[in-house]
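Within every chain, numbering begins at 1; the chains are lettered A, B, ... in the order of the sequence lines, protein sequences first and strands thereafter.
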There are 2 protein chains.
Amino acid sequence: MICSHPTALERFETKLQDYLDNKGLKQSSQRSRIMRFLLLLPGHFTVQDIARDIQEDSPGIGAATIYRNIKTLVEAGIVRETLVDQDGQMVYEVLDDDHHDHIVCLDCHQIFEFHEEGIEHTQRKMAAKMNFTEASHRHVVYAHCDYKKGV
Amino acid sequence: MICSHPTALERFETKLQDYLDNKGLKQSSQRSRIMRFLLLLPGHFTVQDIARDIQEDSPGIGAATIYRNIKTLVEAGIVRETLVDQDGQMVYEVLDDDHHDHIVCLDCHQIFEFHEEGIEHTQRKMAAKMNFTEASHRHVVYAHCDYKKGV
DNA sequence: ATTCCTGCAAACCTTTTGCAGAGGT
DNA sequence: ACCTCTGCAAAAGGTTTGCAGGAAT
């Protein structure tokens, strides 16, 4: 094995195929192209990020198609919505096994990740105490970078 | 004292006035009317909620004015943005002293509140460990109502 | 007087939708 | 064949902005 990417792509392609079969949907070249592109993007991306990268590659894919497909990918459990960025665009990320939440740097606007099992556990218990069963959550911390202070 | 509301309104009016003075901005009848209306609304509201209530009261205020003023109120620290609802509208709430986060019921779409000091503390520490200083956060838990199960 | 504020309508932006044709099964 | 998918352009929906007149300081 030369590169670790193929395996991930294959895994996701299988998952997508299963979902499509299950729902009686069909595969399309655009669909797999979109997935291949977003797997190459850094952790967090918007529809426009995908559109930009895809357009400069070759013929290009209509924006509507990307919107329609990202929705399918969310339903297939391959991608998830994370937060709305400062421009009002939905930010997505590939849903891999390790769940995490986000810290948005108020200085450079980069998005970082964190995972605190304690928080996960507490929020699950808290929901249960309120007679809810947690399905998902969005936890975003907005913070200033300490390095900025030194300037 | 007959009703407890006046005091809260007064407190917020002072806070707003301070902010306006500080920034060299001016008071307006619409501005205070908007604030009076949103203080009467239940915990969580959108711009459209304010607009609806204000229109049926008397002359009515332009939507743009509400958008512009809610932004001012956010900057003045009287109101905060909490989450985007299912229609894509920003949901606001009055920023009172007791901080809390939100549980959105996936069955009835109502918004509930929770506060877990443990989570607050952990996320603050976690940010610090990553060399950030937490400024704020948005923590929303999406959950199913247990009562639904019994049906 | 100067500067801010409002109202209206137009503009903006992201996302959605309608439709005709292409493509998958 | 049937039904899904794409591409385009138009529509939708929330929010912002430009402008002329009105109000606050």
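Residue B:Arg31 places its side chain closer to C:dC5 than to any other of D:dT15, C:dT6, C:dC5. Set against C:dG7, D:dT15, D:dT25, the side chain of B:Gln89 has D:dT15 as its closest nucleotide. Closest contact between the side chain of B:Gln48 and the listed nucleotides D:dG14, C:dT15, C:dT25 involves D:dG14. Distances were taken from every side-chain heavy atom of B:Leu25 (C-beta onward) to each of D:dC5, C:dG7, C:dC4; the shortest belongs to C:dC4. Here the nucleotide nearest the side chain of A:Ala64, chosen from D:dA9, C:dT15, C:dT6, is D:dA9. When distances are taken from the side chain of B:Lys26 to each of C:dC4, C:dG7, D:dC8, the shortest belongs to C:dC4.
The distance between atom CG of B:Asn69 and atom P of D:dT17, rounded to the nearest whole Å, is 15 Å. In this entry the distance linking OH of A:Tyr19 with C1' of D:dC5 reads 14 Å, nearest Å. If you take OH of A:Tyr92 and P of C:dT15, they are 6 Å apart, rounded to a whole angstrom. Here D:dG14 presents its P atom at 16 Å from CD of B:Glu81, a figure rounded to the nearest Å. In this structure, A:Asp21 atom CG and C:dT25 atom P are separated by 9 Å, rounded to whole Å. Here D:dT15 presents its P atom at 15 Å from CG of A:Asp87, a figure rounded to the nearest Å. Regarding A:Arg33, its CZ atom lies at a distance of 18 Å from the P atom of D:dC5, rounded to whole Å. With rounding to whole Å, A:Leu16 atom CG is found 14 Å from C:dG24 atom C1'.
Of the charged side-chain nitrogens involved, none lies within less than 4.0 Å of a carboxylate oxygen, so that B:Lys125 and A:Glu116 do not count as a salt-bridged pair.
Ring centroid separation for the pair B:His102 and A:His137 does not come in under the 6.0 Å cut-off.
Just one residue in the list A:Leu73, A:Leu39, A:Leu95 forms a side-chain contact (heavy atoms from CB on, under 4.5 Å) with A:Phe12, and that residue is A:Leu39.
For B:His121, the NE2 atom counts as loosely surrounded, since its 6.0 Å shell holds 12 or fewer non-hydrogen atoms of other residues, nucleotides or ligands.
A close approach under 4.0 Å does occur between a side-chain nitrogen or oxygen of B:Tyr67 and OP1 or OP2 of D:dT15. Listed pair A:Lys71 / C:dT15 fails the phosphate criterion, with no side-chain N or O lying under 4.0 Å from OP1 or OP2. Taking 4.0 angstrom as the limit, A:Ser28 places a side-chain polar atom (N or O) nearer than this to OP1 or OP2 of D:dT6. In this model, the phosphate group of C:dC5 is not approached by any side-chain N or O of B:Gln30 to a distance below 4.0 Å at OP1 or OP2.
In this structure a side-chain-to-backbone donor-acceptor pair under 3.5 Å is present from B:His115 to B:His99.
Positionally, the nearest nucleotide of DNA chain D for A:Ser29 lies more toward the 5' end than for the other of A:Ser29 and B:Ala63.
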